[in-house]
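Every number for a ligand or one of its atoms is a count from 1 in the order of the listing. All heavy atoms count here, side chains included; hydrogens, waters and symmetry mates do not.
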Amino acid sequence: YQTDFEERFNIPHITDVFPDAEAIRSTFCLKMRSPTADFSGGYPSDEEWHGYINNKDRVLLKVINYSSPTSAGAVCIDPDCTWIEQWVHRAGPREKIYFRPEKVKAAIVTCGGLCPGLNDVIRHIVITLEIYGVKNVVGIPFGYRGFSDKNLAEIPLSRKVVQNIHLSGGSLLGVSRGGPTVSEIVDSIEERGINMFFVLGGNGTHAGANAIHNECRKRKMKVAVVGVPKTIDNDILHMDKTFGFDTAVEEAQRAINSAYIEAHSAYHGIGVVKLMGRSSGFIAMQASLASGQVDICLIPEVPFNLHGPHGVLKHLKYLIETKGSAVICVAEGAGQSFLENTNAKDASGNKVLGDIGVHIQQETKKYFKEIGISADVKYIDPTYMIRAVRANASDGILCTVLGQNAVHGAFAGHSGITVGIINTHYAYLPIPEVIAYAKSVDPNSRMWHRCLTSTGQPDFI
Ligand code: ATP
Ligand code: MG
(Lines give C-alpha, C1' and ligand atoms only; values in the text may rest on other atoms or scores of the structure.)
(Ligands and ions follow the chains in the order given, each with its own letter.)
Protein backbone atom coordinates (compact mmCIF):
# COMPACT_ATOMS: atom_id res chain seq x y z
CA TYR A 1 0.00 0.00 0.00
CA GLN A 2 2.84 2.37 0.85
CA THR A 3 4.56 1.50 -2.44
CA ASP A 4 1.35 2.12 -4.31
CA PHE A 5 1.23 5.53 -2.68
CA GLU A 6 4.78 6.33 -3.72
CA GLU A 7 3.97 5.40 -7.28
CA ARG A 8 0.84 7.50 -7.31
CA PHE A 9 2.60 10.58 -5.99
CA ASN A 10 5.67 10.25 -8.17
CA ILE A 11 5.90 13.35 -10.34
CA PRO A 12 6.34 12.97 -14.11
CA HIS A 13 9.69 14.02 -15.53
CA ILE A 14 10.96 14.81 -19.00
CA THR A 15 13.37 11.85 -18.84
CA ASP A 16 10.33 9.51 -18.67
CA VAL A 17 9.84 10.33 -22.36
CA PHE A 18 13.30 11.56 -23.34
CA PRO A 19 15.77 9.33 -21.45
CA ASP A 20 18.71 11.17 -23.02
CA ALA A 21 17.45 14.68 -22.24
CA GLU A 22 20.37 16.96 -21.58
CA ALA A 23 20.75 18.36 -18.06
CA ILE A 24 22.86 21.42 -17.29
CA ARG A 25 23.90 23.02 -14.05
CA SER A 26 21.34 25.56 -12.89
CA THR A 27 22.15 29.25 -13.05
CA PHE A 28 19.74 29.81 -10.21
CA CYS A 29 20.90 29.48 -6.66
CA LEU A 30 20.82 31.55 -3.53
CA LYS A 31 24.08 33.22 -4.48
CA MET A 32 23.16 33.84 -8.11
CA ARG A 33 19.70 35.28 -7.88
CA SER A 34 20.66 38.66 -9.27
CA PRO A 35 21.27 39.33 -12.97
CA THR A 36 24.29 41.43 -11.95
CA ALA A 37 25.94 38.62 -9.99
CA ASP A 38 29.52 38.38 -11.19
CA PHE A 39 31.10 34.97 -11.50
CA SER A 40 34.04 35.92 -13.67
CA GLY A 41 36.23 34.78 -10.79
CA GLY A 42 34.65 31.29 -10.92
CA TYR A 43 31.49 29.71 -9.48
CA PRO A 44 31.05 29.29 -5.74
CA SER A 45 32.46 26.04 -4.38
CA ASP A 46 30.10 23.16 -3.64
CA GLU A 47 30.28 24.00 0.06
CA GLU A 48 29.11 27.52 -0.67
CA TRP A 49 26.54 26.33 -3.16
CA HIS A 50 23.51 26.27 -0.90
CA GLY A 51 19.86 26.48 -1.69
CA TYR A 52 19.17 23.50 -3.94
CA ILE A 53 16.52 20.96 -3.22
CA ASN A 54 17.66 17.37 -3.55
CA ASN A 55 15.39 15.27 -5.76
CA LYS A 56 15.02 12.79 -2.93
CA ASP A 57 13.76 15.43 -0.47
CA ARG A 58 10.24 14.71 0.66
CA VAL A 59 7.45 16.47 2.53
CA LEU A 60 5.18 14.54 4.85
CA LEU A 61 1.74 14.62 3.27
CA LYS A 62 -0.07 12.87 6.04
CA VAL A 63 0.77 11.17 9.26
CA ILE A 64 -2.13 9.95 11.31
CA ASN A 65 -2.18 7.61 14.22
CA TYR A 66 -5.75 6.90 15.18
CA SER A 67 -7.28 4.40 17.50
CA SER A 68 -10.37 3.72 15.43
CA PRO A 69 -11.54 4.55 11.90
CA THR A 70 -14.35 6.59 13.47
CA SER A 71 -11.98 8.98 15.26
CA ALA A 72 -13.01 12.55 14.48
CA GLY A 73 -11.35 13.80 11.33
CA ALA A 74 -9.53 10.54 10.59
CA VAL A 75 -9.30 9.79 6.91
CA CYS A 76 -8.84 6.09 6.56
CA ILE A 77 -7.48 5.04 3.19
CA ASP A 78 -6.62 1.52 4.28
CA PRO A 79 -9.18 0.34 6.86
CA ASP A 80 -6.68 -2.06 8.48
CA CYS A 81 -4.01 0.55 8.91
CA THR A 82 -3.83 2.71 12.03
CA TRP A 83 -0.53 4.34 11.17
CA ILE A 84 -0.13 6.17 7.91
CA GLU A 85 2.98 7.96 6.76
CA GLN A 86 3.01 9.44 3.29
CA TRP A 87 5.72 11.47 1.64
CA VAL A 88 5.57 13.70 -1.44
CA HIS A 89 8.20 15.60 -3.45
CA ARG A 90 9.57 18.77 -1.99
CA ALA A 91 9.36 21.87 -4.20
CA GLY A 92 12.24 24.22 -4.92
CA PRO A 93 15.21 24.86 -7.20
CA ARG A 94 17.23 21.87 -8.41
CA GLU A 95 20.91 21.89 -9.25
CA LYS A 96 20.31 20.17 -12.58
CA ILE A 97 17.94 21.81 -15.01
CA TYR A 98 16.54 20.41 -18.24
CA PHE A 99 15.96 23.61 -20.20
CA ARG A 100 18.51 26.11 -21.51
CA PRO A 101 17.08 29.48 -20.39
CA GLU A 102 17.91 31.14 -23.71
CA LYS A 103 15.83 28.52 -25.54
CA VAL A 104 12.78 28.82 -23.31
CA LYS A 105 9.54 30.35 -24.44
CA ALA A 106 7.30 30.44 -21.38
CA ALA A 107 3.56 31.11 -21.43
CA ILE A 108 1.19 31.86 -18.55
CA VAL A 109 -2.58 31.51 -18.60
CA THR A 110 -5.29 32.19 -15.99
CA CYS A 111 -8.63 30.37 -16.31
CA GLY A 112 -11.94 30.04 -14.46
CA GLY A 113 -13.20 32.70 -12.05
CA LEU A 114 -11.28 35.49 -10.36
CA CYS A 115 -9.44 34.87 -7.13
CA PRO A 116 -7.29 37.20 -5.00
CA GLY A 117 -3.60 36.63 -5.72
CA LEU A 118 -3.68 35.77 -9.44
CA ASN A 119 -1.55 38.80 -10.26
CA ASP A 120 0.87 37.97 -7.46
CA VAL A 121 1.46 34.50 -8.92
CA ILE A 122 1.84 35.82 -12.49
CA ARG A 123 4.31 38.39 -11.19
CA HIS A 124 6.51 35.86 -9.45
CA ILE A 125 6.51 33.42 -12.33
CA VAL A 126 7.76 36.20 -14.61
CA ILE A 127 10.36 37.50 -12.13
CA THR A 128 11.72 34.03 -11.40
CA LEU A 129 11.89 33.13 -15.10
CA GLU A 130 13.93 36.29 -15.70
CA ILE A 131 16.32 35.36 -12.93
CA TYR A 132 16.89 32.00 -14.62
CA GLY A 133 17.75 34.01 -17.71
CA VAL A 134 14.57 33.50 -19.75
CA LYS A 135 13.95 36.34 -22.19
CA ASN A 136 10.79 35.13 -23.88
CA VAL A 137 7.74 35.19 -21.58
CA VAL A 138 4.19 35.73 -22.78
CA GLY A 139 0.71 35.79 -21.30
CA ILE A 140 -2.15 34.01 -23.06
CA PRO A 141 -5.15 36.38 -22.80
CA PHE A 142 -8.53 35.31 -21.39
CA GLY A 143 -7.84 31.74 -20.40
CA TYR A 144 -7.62 28.82 -22.82
CA ARG A 145 -9.75 30.89 -25.20
CA GLY A 146 -6.64 32.98 -25.95
CA PHE A 147 -5.21 29.99 -27.83
CA SER A 148 -7.97 29.91 -30.42
CA ASP A 149 -9.31 33.45 -30.71
CA LYS A 150 -7.37 35.10 -33.53
CA ASN A 151 -8.32 38.55 -32.20
CA LEU A 152 -6.38 37.94 -29.00
CA ALA A 153 -2.63 38.54 -29.20
CA GLU A 154 -0.02 37.17 -26.80
CA ILE A 155 0.92 39.64 -24.07
CA PRO A 156 4.71 40.08 -23.73
CA LEU A 157 5.69 39.88 -20.06
CA SER A 158 8.75 41.14 -18.23
CA ARG A 159 9.67 42.30 -14.75
CA LYS A 160 8.88 45.83 -15.88
CA VAL A 161 5.37 44.89 -17.03
CA VAL A 162 4.47 42.93 -13.90
CA GLN A 163 6.24 45.10 -11.31
CA ASN A 164 3.09 46.59 -9.76
CA ILE A 165 0.32 44.26 -10.88
CA HIS A 166 -0.08 42.71 -7.42
CA LEU A 167 -1.30 46.06 -6.12
CA SER A 168 -4.70 45.35 -7.65
CA GLY A 169 -6.96 42.32 -7.76
CA GLY A 170 -8.14 40.48 -10.86
CA SER A 171 -5.84 39.03 -13.50
CA LEU A 172 -3.61 41.07 -15.78
CA LEU A 173 -4.19 38.41 -18.44
CA GLY A 174 -7.97 38.13 -18.06
CA VAL A 175 -9.89 34.92 -17.41
CA SER A 176 -12.57 32.91 -19.19
CA ARG A 177 -14.47 29.63 -19.12
CA GLY A 178 -14.89 27.19 -22.00
CA GLY A 179 -12.72 27.54 -25.10
CA PRO A 180 -10.82 25.32 -27.55
CA THR A 181 -10.27 21.56 -27.28
CA VAL A 182 -7.11 20.10 -25.78
CA SER A 183 -5.82 19.12 -29.20
CA GLU A 184 -6.37 22.67 -30.54
CA ILE A 185 -4.54 24.08 -27.51
CA VAL A 186 -1.57 21.76 -28.06
CA ASP A 187 -1.52 22.63 -31.79
CA SER A 188 -1.26 26.25 -30.76
CA ILE A 189 1.46 25.55 -28.17
CA GLU A 190 3.45 23.77 -30.88
CA GLU A 191 2.91 26.57 -33.39
CA ARG A 192 3.96 29.25 -30.92
CA GLY A 193 7.03 27.30 -29.84
CA ILE A 194 6.04 27.35 -26.17
CA ASN A 195 8.06 24.89 -24.06
CA MET A 196 7.10 26.02 -20.55
CA PHE A 197 3.45 26.42 -19.78
CA PHE A 198 2.16 27.76 -16.46
CA VAL A 199 -1.53 27.23 -15.83
CA LEU A 200 -3.35 29.07 -13.05
CA GLY A 201 -6.81 27.76 -12.35
CA GLY A 202 -9.13 25.45 -10.48
CA ASN A 203 -10.09 21.81 -10.93
CA GLY A 204 -11.39 22.33 -14.48
CA THR A 205 -8.27 24.19 -15.53
CA HIS A 206 -6.07 21.50 -13.97
CA ALA A 207 -7.99 18.75 -15.76
CA GLY A 208 -7.22 20.70 -18.93
CA ALA A 209 -3.55 21.15 -17.96
CA ASN A 210 -3.14 17.44 -17.33
CA ALA A 211 -4.74 16.60 -20.67
CA ILE A 212 -2.42 19.12 -22.36
CA HIS A 213 0.57 17.50 -20.61
CA ASN A 214 -0.50 14.03 -21.81
CA GLU A 215 -1.10 15.24 -25.35
CA CYS A 216 2.35 16.90 -25.43
CA ARG A 217 3.91 13.60 -24.30
CA LYS A 218 1.97 11.72 -26.94
CA ARG A 219 3.31 14.05 -29.61
CA LYS A 220 6.83 13.84 -28.14
CA MET A 221 6.92 17.56 -27.44
CA LYS A 222 9.42 18.66 -24.82
CA VAL A 223 7.06 20.92 -22.88
CA ALA A 224 6.81 21.43 -19.11
CA VAL A 225 3.21 21.98 -18.01
CA VAL A 226 2.98 23.24 -14.43
CA GLY A 227 -0.21 24.19 -12.61
CA VAL A 228 -0.79 26.53 -9.69
CA PRO A 229 -4.10 25.69 -8.01
CA LYS A 230 -6.47 28.62 -7.85
CA THR A 231 -9.56 27.96 -5.80
CA ILE A 232 -11.00 30.55 -3.53
CA ASP A 233 -13.14 27.77 -1.99
CA ASN A 234 -10.01 25.99 -0.69
CA ASP A 235 -11.37 22.73 -2.10
CA ILE A 236 -8.15 21.31 -3.59
CA LEU A 237 -7.11 17.98 -2.08
CA HIS A 238 -4.07 17.60 0.17
CA MET A 239 -3.20 21.29 0.43
CA ASP A 240 -3.17 23.23 3.70
CA LYS A 241 -4.78 26.09 1.83
CA THR A 242 -4.89 27.56 -1.64
CA PHE A 243 -4.08 31.18 -2.45
CA GLY A 244 -6.94 33.65 -2.16
CA PHE A 245 -8.75 31.69 0.52
CA ASP A 246 -7.31 33.62 3.44
CA THR A 247 -8.14 36.94 1.76
CA ALA A 248 -11.65 35.70 0.96
CA VAL A 249 -12.31 34.77 4.59
CA GLU A 250 -11.10 38.17 5.72
CA GLU A 251 -13.36 39.98 3.23
CA ALA A 252 -16.27 37.68 4.01
CA GLN A 253 -15.93 38.64 7.64
CA ARG A 254 -16.52 42.26 6.63
CA ALA A 255 -19.74 41.30 4.86
CA ILE A 256 -20.87 39.34 7.92
CA ASN A 257 -20.13 42.31 10.11
CA SER A 258 -22.29 44.54 7.88
CA ALA A 259 -25.09 42.00 8.04
CA TYR A 260 -24.75 41.90 11.82
CA ILE A 261 -24.87 45.69 12.15
CA GLU A 262 -27.94 45.85 9.89
CA ALA A 263 -29.69 43.05 11.76
CA HIS A 264 -28.73 44.32 15.19
CA SER A 265 -29.86 47.87 14.44
CA ALA A 266 -33.23 46.85 13.02
CA TYR A 267 -36.29 45.77 15.01
CA HIS A 268 -36.30 41.97 14.66
CA GLY A 269 -33.51 42.20 12.12
CA ILE A 270 -32.28 39.13 10.25
CA GLY A 271 -29.16 39.30 8.06
CA VAL A 272 -28.48 36.68 5.42
CA VAL A 273 -24.99 36.50 3.87
CA LYS A 274 -24.26 34.17 0.97
CA LEU A 275 -20.62 33.22 0.53
CA MET A 276 -18.69 31.22 -2.06
CA GLY A 277 -18.47 27.46 -1.75
CA ARG A 278 -20.06 25.42 -4.54
CA SER A 279 -19.40 22.04 -2.97
CA SER A 280 -17.25 22.92 0.05
CA GLY A 281 -18.19 25.17 2.93
CA PHE A 282 -14.71 26.19 4.06
CA ILE A 283 -15.20 29.94 3.48
CA ALA A 284 -18.58 29.98 5.27
CA MET A 285 -17.21 27.92 8.15
CA GLN A 286 -13.99 29.91 8.60
CA ALA A 287 -15.70 33.30 8.17
CA SER A 288 -18.33 32.30 10.73
CA LEU A 289 -15.60 31.23 13.13
CA ALA A 290 -13.58 34.37 12.52
CA SER A 291 -16.44 36.83 12.87
CA GLY A 292 -18.15 35.37 15.92
CA GLN A 293 -21.32 37.14 14.76
CA VAL A 294 -23.02 34.26 12.96
CA ASP A 295 -25.94 32.42 14.56
CA ILE A 296 -26.56 29.92 11.78
CA CYS A 297 -23.92 28.60 9.37
CA LEU A 298 -25.16 26.44 6.48
CA ILE A 299 -22.78 24.52 4.21
CA PRO A 300 -23.23 22.03 1.35
CA GLU A 301 -21.74 19.14 3.33
CA VAL A 302 -24.33 19.28 6.12
CA PRO A 303 -27.99 18.71 5.18
CA PHE A 304 -30.63 20.90 6.81
CA ASN A 305 -34.36 21.57 6.78
CA LEU A 306 -35.80 25.06 6.54
CA HIS A 307 -39.29 24.14 7.69
CA GLY A 308 -40.54 21.78 10.38
CA PRO A 309 -39.99 21.53 14.15
CA HIS A 310 -36.19 21.28 13.80
CA GLY A 311 -35.84 23.60 10.80
CA VAL A 312 -33.79 26.76 10.39
CA LEU A 313 -36.92 28.97 10.50
CA LYS A 314 -38.02 27.63 13.88
CA HIS A 315 -34.58 28.42 15.28
CA LEU A 316 -34.73 31.90 13.75
CA LYS A 317 -37.98 32.50 15.62
CA TYR A 318 -36.25 31.44 18.83
CA LEU A 319 -33.33 33.78 18.12
CA ILE A 320 -35.63 36.73 17.39
CA GLU A 321 -37.58 36.08 20.60
CA THR A 322 -34.48 35.70 22.77
CA LYS A 323 -31.82 37.91 21.13
CA GLY A 324 -33.88 40.25 18.98
CA SER A 325 -31.76 39.68 15.85
CA ALA A 326 -29.96 36.94 13.92
CA VAL A 327 -27.32 36.42 11.24
CA ILE A 328 -27.27 33.50 8.77
CA CYS A 329 -24.17 32.66 6.77
CA VAL A 330 -24.86 30.28 3.88
CA ALA A 331 -22.49 28.79 1.31
CA GLU A 332 -23.74 29.06 -2.30
CA GLY A 333 -23.87 25.30 -2.78
CA ALA A 334 -25.93 24.62 0.35
CA GLY A 335 -29.59 23.63 0.23
CA GLN A 336 -29.66 23.16 -3.56
CA SER A 337 -32.34 20.49 -3.18
CA PHE A 338 -34.83 23.24 -2.18
CA LEU A 339 -34.34 25.02 -5.48
CA GLU A 340 -35.62 24.29 -8.94
CA ASN A 341 -33.09 22.31 -10.97
CA THR A 342 -32.72 24.08 -14.32
CA ASN A 343 -29.96 21.76 -15.61
CA ALA A 344 -28.24 24.91 -16.86
CA LYS A 345 -24.47 24.69 -17.41
CA ASP A 346 -21.82 27.40 -17.86
CA ALA A 347 -19.34 27.49 -20.77
CA SER A 348 -17.01 25.07 -18.94
CA GLY A 349 -19.81 22.57 -18.25
CA ASN A 350 -20.21 23.46 -14.55
CA LYS A 351 -23.75 23.30 -13.18
CA VAL A 352 -25.33 26.73 -12.65
CA LEU A 353 -26.51 26.87 -9.04
CA GLY A 354 -29.79 28.33 -7.83
CA ASP A 355 -29.62 31.28 -5.42
CA ILE A 356 -30.00 29.81 -1.94
CA GLY A 357 -29.58 33.27 -0.36
CA VAL A 358 -32.64 34.68 -2.11
CA HIS A 359 -34.58 31.51 -1.28
CA ILE A 360 -33.79 31.77 2.44
CA GLN A 361 -34.68 35.46 2.43
CA GLN A 362 -38.06 34.79 0.78
CA GLU A 363 -38.91 31.79 2.95
CA THR A 364 -37.96 33.71 6.10
CA LYS A 365 -40.19 36.66 5.17
CA LYS A 366 -43.08 34.32 4.38
CA TYR A 367 -42.63 32.36 7.61
CA PHE A 368 -42.59 35.40 9.91
CA LYS A 369 -45.61 36.86 8.14
CA GLU A 370 -47.48 33.60 8.67
CA ILE A 371 -46.73 33.45 12.38
CA GLY A 372 -47.57 37.12 12.80
CA ILE A 373 -44.18 38.34 13.97
CA SER A 374 -42.61 41.26 12.16
CA ALA A 375 -39.11 40.61 10.83
CA ASP A 376 -36.75 42.79 8.82
CA VAL A 377 -34.77 40.48 6.51
CA LYS A 378 -31.73 41.80 4.64
CA TYR A 379 -29.70 39.80 2.14
CA ILE A 380 -26.06 40.45 1.25
CA ASP A 381 -24.22 38.68 -1.59
CA PRO A 382 -20.60 39.91 -1.46
CA THR A 383 -19.24 37.28 -3.91
CA TYR A 384 -17.91 39.59 -6.62
CA MET A 385 -16.57 42.10 -4.10
CA ILE A 386 -14.60 39.34 -2.37
CA ARG A 387 -13.20 37.77 -5.54
CA ALA A 388 -11.92 41.07 -6.88
CA VAL A 389 -9.86 42.34 -3.93
CA ARG A 390 -6.08 42.16 -3.88
CA ALA A 391 -4.40 39.43 -1.87
CA ASN A 392 -3.72 40.07 1.81
CA ALA A 393 -0.25 39.71 3.32
CA SER A 394 -0.51 36.01 4.04
CA ASP A 395 -1.80 35.18 0.54
CA GLY A 396 0.78 37.52 -0.96
CA ILE A 397 3.55 35.42 0.56
CA LEU A 398 1.87 32.16 -0.45
CA CYS A 399 1.55 33.40 -4.06
CA THR A 400 5.19 34.44 -4.12
CA VAL A 401 6.42 31.02 -3.09
CA LEU A 402 3.99 29.17 -5.37
CA GLY A 403 4.99 31.29 -8.38
CA GLN A 404 8.70 30.75 -7.74
CA ASN A 405 8.28 27.02 -7.17
CA ALA A 406 6.23 26.62 -10.34
CA VAL A 407 9.23 27.91 -12.30
CA HIS A 408 11.68 25.72 -10.36
CA GLY A 409 9.51 22.68 -11.13
CA ALA A 410 9.46 23.42 -14.85
CA PHE A 411 13.23 23.97 -15.02
CA ALA A 412 13.78 20.77 -13.05
CA GLY A 413 12.13 18.99 -15.98
CA HIS A 414 8.82 18.12 -14.37
CA SER A 415 5.51 18.33 -16.19
CA GLY A 416 1.91 17.49 -15.35
CA ILE A 417 2.53 18.72 -11.82
CA THR A 418 1.02 21.29 -9.53
CA VAL A 419 2.49 23.08 -6.56
CA GLY A 420 1.04 23.59 -3.12
CA ILE A 421 1.65 24.07 0.56
CA ILE A 422 1.44 20.82 2.46
CA ASN A 423 1.97 20.51 6.20
CA THR A 424 3.51 24.00 6.07
CA HIS A 425 6.06 22.94 3.40
CA TYR A 426 5.93 23.41 -0.36
CA ALA A 427 5.56 20.35 -2.53
CA TYR A 428 4.96 19.13 -6.08
CA LEU A 429 2.11 16.73 -6.72
CA PRO A 430 0.98 14.97 -9.91
CA ILE A 431 -2.14 16.80 -11.14
CA PRO A 432 -4.55 13.80 -11.13
CA GLU A 433 -4.05 13.38 -7.37
CA VAL A 434 -5.28 16.87 -6.51
CA ILE A 435 -8.33 16.86 -8.78
CA ALA A 436 -9.61 13.33 -8.06
CA TYR A 437 -12.47 14.98 -6.16
CA ALA A 438 -13.12 18.23 -4.31
CA LYS A 439 -11.90 18.55 -0.74
CA SER A 440 -14.82 19.25 1.57
CA VAL A 441 -15.59 20.04 5.19
CA ASP A 442 -15.85 16.84 7.20
CA PRO A 443 -19.05 17.16 9.26
CA ASN A 444 -17.34 14.98 11.90
CA SER A 445 -14.25 17.16 12.04
CA ARG A 446 -13.19 19.10 15.10
CA MET A 447 -13.34 22.32 13.07
CA TRP A 448 -16.99 21.96 12.08
CA HIS A 449 -17.85 21.15 15.70
CA ARG A 450 -15.94 24.24 16.80
CA CYS A 451 -18.01 26.25 14.35
CA LEU A 452 -21.25 24.80 15.77
CA THR A 453 -20.05 25.53 19.30
CA SER A 454 -19.36 29.10 18.26
CA THR A 455 -22.74 29.71 16.55
CA GLY A 456 -24.74 27.73 19.07
CA GLN A 457 -26.94 26.30 16.32
CA PRO A 458 -28.71 22.93 16.68
CA ASP A 459 -28.88 20.22 14.00
CA PHE A 460 -31.53 21.27 11.51
CA ILE A 461 -32.72 17.74 10.72
P1 ATP B 1 -13.09 27.79 -10.88
O2 ATP B 1 -12.64 27.35 -9.54
O3 ATP B 1 -13.11 29.26 -11.03
O4 ATP B 1 -14.34 27.12 -11.33
P5 ATP B 1 -11.92 26.12 -12.89
O6 ATP B 1 -10.54 25.96 -13.38
O7 ATP B 1 -12.57 24.91 -12.31
O8 ATP B 1 -11.90 27.32 -11.86
P9 ATP B 1 -13.63 26.03 -15.20
O10 ATP B 1 -14.41 27.14 -15.83
O11 ATP B 1 -14.36 24.85 -14.72
O12 ATP B 1 -12.82 26.73 -14.04
O13 ATP B 1 -12.52 25.51 -16.23
C14 ATP B 1 -11.52 26.37 -16.73
C15 ATP B 1 -11.07 25.94 -18.09
O16 ATP B 1 -10.70 24.58 -18.09
C17 ATP B 1 -12.12 26.12 -19.15
O18 ATP B 1 -11.53 26.78 -20.24
C19 ATP B 1 -12.57 24.71 -19.49
O20 ATP B 1 -12.89 24.59 -20.85
C21 ATP B 1 -11.35 23.88 -19.15
N22 ATP B 1 -11.73 22.54 -18.66
C23 ATP B 1 -12.60 22.28 -17.68
N24 ATP B 1 -12.71 20.95 -17.47
C25 ATP B 1 -11.88 20.36 -18.35
C26 ATP B 1 -11.54 18.99 -18.66
N27 ATP B 1 -12.07 17.97 -17.98
N28 ATP B 1 -10.64 18.77 -19.65
C29 ATP B 1 -10.10 19.80 -20.33
N30 ATP B 1 -10.37 21.09 -20.10
C31 ATP B 1 -11.25 21.39 -19.12
MG1 MG C 1 -14.16 24.61 -11.04
Open item on the list: Can you confirm if the NZ or CZ of K439 lies within 45° of the ring axis of F282 and under 6.0 Å from the centre of its six-membered ring?
Closed with: yes
Task: Nearest neighbour in protein (non-hydrogen) for atom 25 (C) of ligand 1 - done: G204 O, 3.5 Å
Open item on the list: Does either side chain, that of T231 or that of D233, offer a donor lying less than 3.5 Å from an acceptor on the other one?
Closed with: no
Open item on the list: Less than 3.5 Å apart, any donor N or O on the side chain of H408 or Y132 sitting next to an acceptor on the other?
Closed with: yes
- [ ] Report yes if G113 has an N/O atom closer than 3.5 Å to an N/O atom of ligand 1; otherwise report no.
- [x] yes
Open item on the list: Between ligand 1 and G178, is the shortest N or O to N or O distance under 3.5 Å?
Closed with: yes
Open item on the list: Need the ligand 1 atom indices (1-based, order shown) with element for anything under 4.0 Å from a heavy-atom of Y144.
Closed with: 15 (C), 16 (O), 18 (O), 21 (C)
- [ ] Tell me, with the steps shown, if R219 and D187 meet salt bridge (Lys or Arg N to Asp or Glu O under 4.0 Å).
- [x] CA-CA 10 Å; R219 298 193 195 179; D187 287 348; 2.7 Å; yes
- [ ] Using distance alone, with no hydrogens and no angle criterion, decide if N10 and H89 have a side-chain donor and acceptor under 3.5 Å apart.
- [x] yes
Open item on the list: When you measure from the heavy atoms of N350 to every atom of ligand 1, does any distance fall below 4.0 Å?
Closed with: yes
Open item on the list: When you measure from the heavy atoms of K230 to every atom of ligand 1, does any distance fall below 4.0 Å?
Closed with: yes
Open item on the list: Taking backbone and side chain together, does N203 place any N/O/S atom at a distance below 2.8 Å from the Mg ion (ligand 2)?
Closed with: yes
- [ ] Answer side chain, backbone, both or neither: which part of T205 comes under 4.0 Å from ligand 1, heavy atoms only.
- [x] both
- [ ] Report, in ascending order of atom number, the atoms of ligand 1 lying under 4.0 Å from any heavy atom of G112.
- [x] 3 (O), 8 (O), 12 (O)
Task: Nitrogen or oxygen atoms of C111 and ligand 1 under 3.5 Å apart - done: no
TODO: Consider every N or O of N203 and every N or O of ligand 1, then say whether any pair is closer than 3.5 Å.
DONE: yes
TODO: Say whether S348, considering both its backbone and side-chain N or O atoms, lies within less than 3.5 Å of an N or O atom on ligand 1.
DONE: yes
